[in-house]
Amino acid sequence: MTSRPSSPRLWPLYAVNFFMADMQSGIGPFVGVFLQERGWATGLIGTALTIGNVAGMLVTTPIGGFIDSSRNKRLWVVIPGICVVLASAIILISQNFWAVTFSQVAQSLASAAIVPAVTGITLGIAKQKGFNALNGRNQAFNHAGNMVGAALSGYLGYKFGYVWVFVLAAVFGAVAVACVLMIPAKAIDDRQARGSKEDESKNPPAGLSVLFKHKPLLVLALALAIFHLGNAAIVPLYGLAAVSAGEANGPSFVATIVVIAQGVMIVTSLVGMQVAGKRNYWPVILVSFMVLPIRGVLAFFVTGWWGVVPMQVLDGIGTGLQTVAVPGMVARSLDGTGRINLGQGAVITVQGIGASLSPALGGWIAQWIGYGPTFLLLGGFGLASMALWLAFGVHVKKY
């Protein structure tokens, strides 16, 4: 067997990565300004988003274990696609607090499953040797999908209203489901997909204990949790600050923010792939942490259109590097254990603790002390992640 699969297997996978954008967070930035225009305060918006994020966080690790054990990896892309369609429909039907919260729970379930599912499919096709290169190309297509989706959402929202933003998200989800079904099931090696040298499908998953058995993953997960506690709220709050100050139109401004960041992520994901292939993932992740403090300072001093380009270029660098390095480090450190997708889920769960608390933390602090000081506070979490990553470098540098 060769480590590089033939092209007929790859294009459906690239298409899945392109259209799965809204399964992760494609409509997230639009939800905030959509609700704000309907009279919601920032604290209530953040609370609804946080409840949805917590629900996703709780199921991410079990889902990773199920994906490891499953002999139908494609099913775990079909389920998120259905969740995205439901989330888009619910938020259009009702803006009641609990209806909106339920829609965010459905969105979070999709986000929880899609990353380990696509990671498993990629490993099953490319094997461990070819994973870094194929994952880098996957991420480039994913960021391109986010960029195109955001641009279309901004245009449709500006011209025809928010309804079409959520309709587009549902269409993307449905197309992603169709694309994953075009990948032949026999092209996915189930053992390679979970990083196992033996058939361990009857061996039950170990849950979050996988982190405590592999210290590098625990360090990675904690550093990411701290980072995302600051990072996850910056883009939604930046959009809210500009729209509330009358400096921008909601849909077009949010779309511009996302398009710039995703465009940069296409390049940085490919660069990160090359650096990791020549060295390892440790310096790639360190650089990703460095950009958050700089973004916080920029957001404090410059709001509206003037700050969009530099702040989102930095966001694209940080997030683009992580989308390649985090799955790659997990896959490399757990190779041979049969628990790669469980490990992906466990890392995402701990990371999700920070990301799920971030909107509520940022929303309430902004309501109390204003947007500017909040941006500085959120940016400071990047310094804490850098300190942790450097302090425990001996455990993670070899990956």
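The shown structure was predicted, so the numbers you read here are calculated from the model rather than taken from an experiment.
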So the side-chain hydrogen bond (donor to acceptor under 3.5 Å, both in side chains) pairs with at least one residue in residues 283-293 (sequence neighbours excluded) are Ser288-Gln322

Candidate pair Phe375 and Phe300, rule ring pair (Phe, Tyr, Trp, His ring centres under 6.0 Å), full reasoning: CA-CA 6 Å; Phe375 291 135; Phe300 174 80; 8.6 Å; no

Could you check whether any side-chain N or O of [X] sits under 3.5 Å from a backbone N or O of [Y], counting only pairs where one atom can act as donor and the other as acceptor?
X      : Y      : result
Ser385 : Ala223 : yes
Ser70  : Ile67  : no
Gln344 : Val115 : no

Listed by chain and number, what are the side-chain hydrogen bond (donor to acceptor under 3.5 Å, both in side chains) partners of [X], not counting sequence neighbours?
X      : value
Gln128 : Asp335
Thr374 : none
Asn135 : Gln139
Thr319 : Asp315

Which class fits the ring pair Phe19 and Phe172: parallel under 30°, tilted 30 to 60°, perpendicular over 60°? perpendicular

If a pair satisfies salt bridge (charged side-chain N to carboxylate O under 4.0 Å, His left out) and one of its residues is in residues 72-95, list it, with sequence neighbours excluded. Lys73-Asp190

Is there a side-chain contact between Val177 and Val77 (heavy atoms, below 4.5 Å)? no

Is any side-chain heavy atom of Leu388 closer than 4.5 Å to a side-chain heavy atom of Phe227? no

Using a distance-only test with no angle check, is there a side-chain donor-acceptor pair under 3.5 angstrom linking Asn231 and Arg295? yes

Is it the case that the side chains of Tyr14 and Asn142 hold a donor-acceptor pair, with the cut-off being a distance below 3.5 Å and no angle test? no

Looking only at heavy atoms, which two atoms of [X] and [Y] are closest? And how far apart?
X      : Y      : result
Ile285 : Ala325 : CG1-CB, 3.5 Å
Ala133 : Met273 : O-SD, 3.2 Å
Ala48  : Phe97  : CB-CE1, 3.9 Å

Sorted by chain and number, sequence neighbours left out, ring-ring contact (aromatic ring centres under 6.0 Å, His included) with Phe381 holds for none

Only counting residues at least two apart or in another chain, list the ones meeting side chain to side chain contact (heavy atoms under 4.5 Å, CB included) with [X].
X      : result
Asn280 : Trp282, Pro283, Arg332
Gln351 : Leu224, His228
Ala99  : Ile90, Ser94, Asn96
Pro293 : Leu383

Tell me whether the count of non-hydrogen atoms from other residues, nucleotides or ligands lying under 6.0 Å of CZ in Phe102 goes above 12. no

List, one per line, each side-chain donor-acceptor pair under 3.5 Å for residues 265-272, sequence neighbours excluded.
residue	atom	partner	partner atom	Å
Thr268	OG1	Val264	O	3.2
Thr268	OG1	Met265	O	3.3
Thr268	OG1	Gly316	O	3.1
Ser269	OG	Met265	O	3.0
Ser269	OG	Ile266	O	2.9

Output the distance between atom CG (Leu13) and atom CD1 (Ile121), rounded to the nearest 0.5 Å. 7.0 Å

